[in-house]
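Keep in mind the model is a prediction, meaning the values are calculated, not measured. When reading the values below, keep in mind they use all heavy atoms of this one structure, side chains included, and skip hydrogens, waters and symmetry mates.
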Amino acid sequence: MSVYDSYTIQEYVNNVVEGRVILPAMQRDFVWKKEKIYALYESLMLGYPIGTFIVWKVNSEIIKKYAFNEFVKDYVAREDVSQKRRICSNEYSEYFAVLDGQQRITAFVIGLTGSYSEKTKLKNADGTPKYTKKVLCINFLYEKQEESACEYEFRFVAEENAKNVVEDNGRYCYWMPVSEVINSTLWDILSEFEKKYEKKKGSEIVKTAELLRKVLIEKQNIYTYVAKKEKLEDVIDIFLRVNSLGQPLEASDLILSSATSCIVDEDVHDLLRRTINSINDLSNIKINKDFILTAGLMCIEAESISLGKACSRKEMLEAIFKTHWEGLVKAIREAVRLVDYVGFGKLNLTRNILCVIVYYLFKINVKDNYYKSSTERARKDRVLIRQWILRALIKKVFMDGTGATLLRIRKLILDNYKKEKLFPLDALLWGDFSRSNLKIDESNIDDLLELKYTDKRVLPVLAEIQRQVDVNNMEVDHIFSKATINQKRRFKKLYKNESNVDVNAEQDKYKRRVDCLSNLQLLKKGENCSKGDLEYKDWVKDKTEDFRVVHVLPEGEYEFKDFIKFVEKRNELLRARLERAFPASVAEILAIHGLQ
């Protein structure tokens with residue numbers, strides 16, 4: 001059952017200040033820029049509708065069960081902290097939780113009772129930025145100059161500049177705080193103005209002040225649609241429907257709406273924000289709330305790692321945020337550092353590939369800085385985890401798009417990590433957890449040799465072929481210039497058609513092979529830039545034998561007209577290199593790296 005209620009804006013703001021109107025934890029922070037706040041107030045002055053607000057009527061039992069926040073009153077324009085406060089008391093028998101309208105209501109709360117602080121160019125004594133506290137004001141001396149200009153001028157003004165006549169770009173302004181307009185008599189407003197401004201504009205001031213008071217404290221401009229629901233799932237359905245065109249919502253935001261008593265010392269959003277920021281500062285890998293919760297469900301041995309199914313499971317949130325939080329964060333931190341350390345920090349790995357590494361490190365109770373440890377186990381783990389990443393990418397392990405594969409891999413790790421005393425790649429090589437296992441057979445190598453330039457697997461595969469540990473400063477380069485092959489005039493010039501063949505047909509053959517793995521290599525960014533569109537024979541002539549071996553370049557000289565011969569010969573060499581790079585046992589893998 002649902003009903004509509006109506007309020008004046010001042011009445012509704014008072015309910016917010018008293019704590020009767022609150023926010024479900026699934027709601028995001030206030031994100032409106034100040035210009036949108038100005039536009040909202042001007043819309044009221046012009047008599048425009050501001051939309052219906054949707055609220056959830058909740059009782060004291062629901063308040064105890066789920067997490068709710070207070071609205072922000074004194075806003076600080078910074079993105080590194082949450083500005084919503086958790087409600088800690090249960091004073092009332094019923095509350096109204098806002099599902100749609102948070103931004104508008106917050107704008108009213110800030111404008112009528114609060115403040116908006118902005119960063120200045122000045123610094124505090126400790127070197128942190130200094131912020132200036134401002135209040136929302138209306139300019140009583142505003143005169144519209146252009147057709148496209150606003151009808152009424154609102155602005156956040158420093159308190160010391162309010163209620164004073166100030167010059168701004170050749171015009172005079174008298175900034176009156178909105179809060180004082182609604183809490184003072186018209187006579188007091190007029191008297192205060194005439195003390196500061198010699199010209200008589202009293203009737204205009206009174207007219208503007210009367211209108212502002214009318215839209216804020218007399219007219220019922222707030223219309224709320226009240227939903228009476230008991231189940232969180234029903235409320236989430238409403239929330240998703242009304243917010244489908246607004247700020248994108250992560251699944252984690254829904255889960256956190258039920259995180260009440262599991263964290264008692266601080267807001268879970270603040271905890272996650274600080275954790276994410278600290279981890280994202282460590283490497284090229286960037287994580288988010290969804291990743292942390294998925295990894296958490298993985299590590300606590302949850303039956304399902306579906307964030308949607310975990311939405312109302314309080315015991316899971318307690319296990320993640322209370323029982324295992326420290327170990328989980330340490331495992332994630334070491335995992336992103338390790339992936340960066342083995343050179344794959346910029347690969348934009350899937351969440352599932354990284355979750356497997358986090359789970360293993362969590363199970364071994366990983367120590368700080370394990371990612372660069374010189375112990376035998378750490379050095380072997382780095383090699384085996386790098387192989388896990390490569391093989392998971394090559395075999396497209398998580399193509400099913402579900403968590404089923406991840407759960408099967410978790411079972412293999414759980415059953416084998418103590419026994420092998422290493423990252424259990426051997427179990428993954430032979431275990432049947434997806435459409436196949438991690439073994440790289442002849443058909444897989446055939447597929448690799450057909451990889452094209454745009455495939456995201458090209459870079460890690462070339463890195464393993466060239467034994468390049470760190471790929472973060474490397475680029476994929478066309479050995480024979482793609483630009484040259486694609487340009488008809490340049491192609492004809494270099495092809496040197498001595499046999500009267502069909503040049504256009506030959507160019508088509510070149511184009512079909514130019515993006516294949518056999519014409520690709522890894523070069524450092526500077527080397528790639530200096531190479532440019534040089535002919536292959538001119539670029540390779542001063543390269544050492546060691547360089548040719550690392551880059552798998554065929555012996556002999558290859559003119560532009562020999563391109564097809566070149567890629568066919570290099571294909572043979574790459575096949576042999578790939579077979580050696582991906583052996584069928586952990587012992588062989590470690591032997592390649594001198595870690596028998």
Exercise for review: Identify the heavy atoms of Asn280 and Ile285 that sit nearest to each other, and give their distance.
Suggested key: OD1-O, 3.6 Å
Check your understanding: How close do Ile276 and Asn288 get, heavy atom to heavy atom, and via which atoms?
Key -> CD1-C, 3.7 Å
Check your understanding: Looking only at side chains, do Thr484 and Arg490 share a donor and an acceptor under 3.5 Å apart?
Key -> yes
Check your understanding: With Lys367, which residues qualify under salt bridge (charged side-chain N to carboxylate O under 4.0 Å, His left out), at least two apart?
Key -> none
Point to revise | Asp441 and Ser443 side chains, donor-acceptor separation under 3.5 Å | key: yes
Practice item. May I have the step-by-step check of salt bridge (Lys or Arg N to Asp or Glu O under 4.0 Å) for Glu572 and Arg575, ending in yes or no? Key: CA-CA 5 Å; Glu572 296 174 11; Arg575 179 180 293 278; over 6 Å; no
Review point. Should the pair Phe480 and Phe566 be assigned to parallel (<30°), tilted (30 to 60°) or perpendicular (>60°) ring geometry?
Key: tilted
Exercise for review: State whether a side-chain donor-acceptor pair under 3.5 Å links Tyr558 with Glu535.
Suggested key: no
Practice item. Report yes if the distance between the aromatic ring centroids of Phe560 and Tyr510 is under 6.0 Å, otherwise no. Key: yes
**Study point:** From OG1 (Thr323) to CG (Leu328), nearest 0.5 Å
**Key:** 11.5 Å
Exercise for review: Kindly determine whether Arg379 and Glu376 satisfy salt bridge (Lys or Arg N to Asp or Glu O under 4.0 Å), including the steps that lead there.
Suggested key: CA-CA 5 Å; Arg379 289 186 293 126; Glu376 181 180 1; 5.7 Å; no
**Study point:** Output field: ring centroids Trp539/Phe547 closer than 6.0 Å
**Key:** yes
Exercise for review: Would you sort out whether Lys531 and Glu527 count as a side-chain contact (heavy atoms from CB on, under 4.5 Å), showing the intermediate values?
Suggested key: CA-CA 6 Å; Lys531 175 177 176 283; Glu527 291 177 324; over 6 Å; no
Exercise for review: Check Asn444, Ile440, Ile445 against Leu578 for a side chain to side chain contact (heavy atoms under 4.5 Å, CB included) and give me the one that passes.
Suggested key: Ile445
Point to revise | Reported CG-to-CG distance for the pair Asn571 and Leu517, which is rounded to 0.5 angstrom | key: 8.0 Å
**Study point:** Which residues share a salt bridge (charged side-chain N to carboxylate O under 4.0 Å, His left out) with Arg391, sequence neighbours left out
**Key:** none
Study note, to complete from the structure: Those residues at least two apart in sequence (or on a different chain) that pass salt bridge (charged side-chain N to carboxylate O under 4.0 Å, His left out) with Asp368 are Arg333
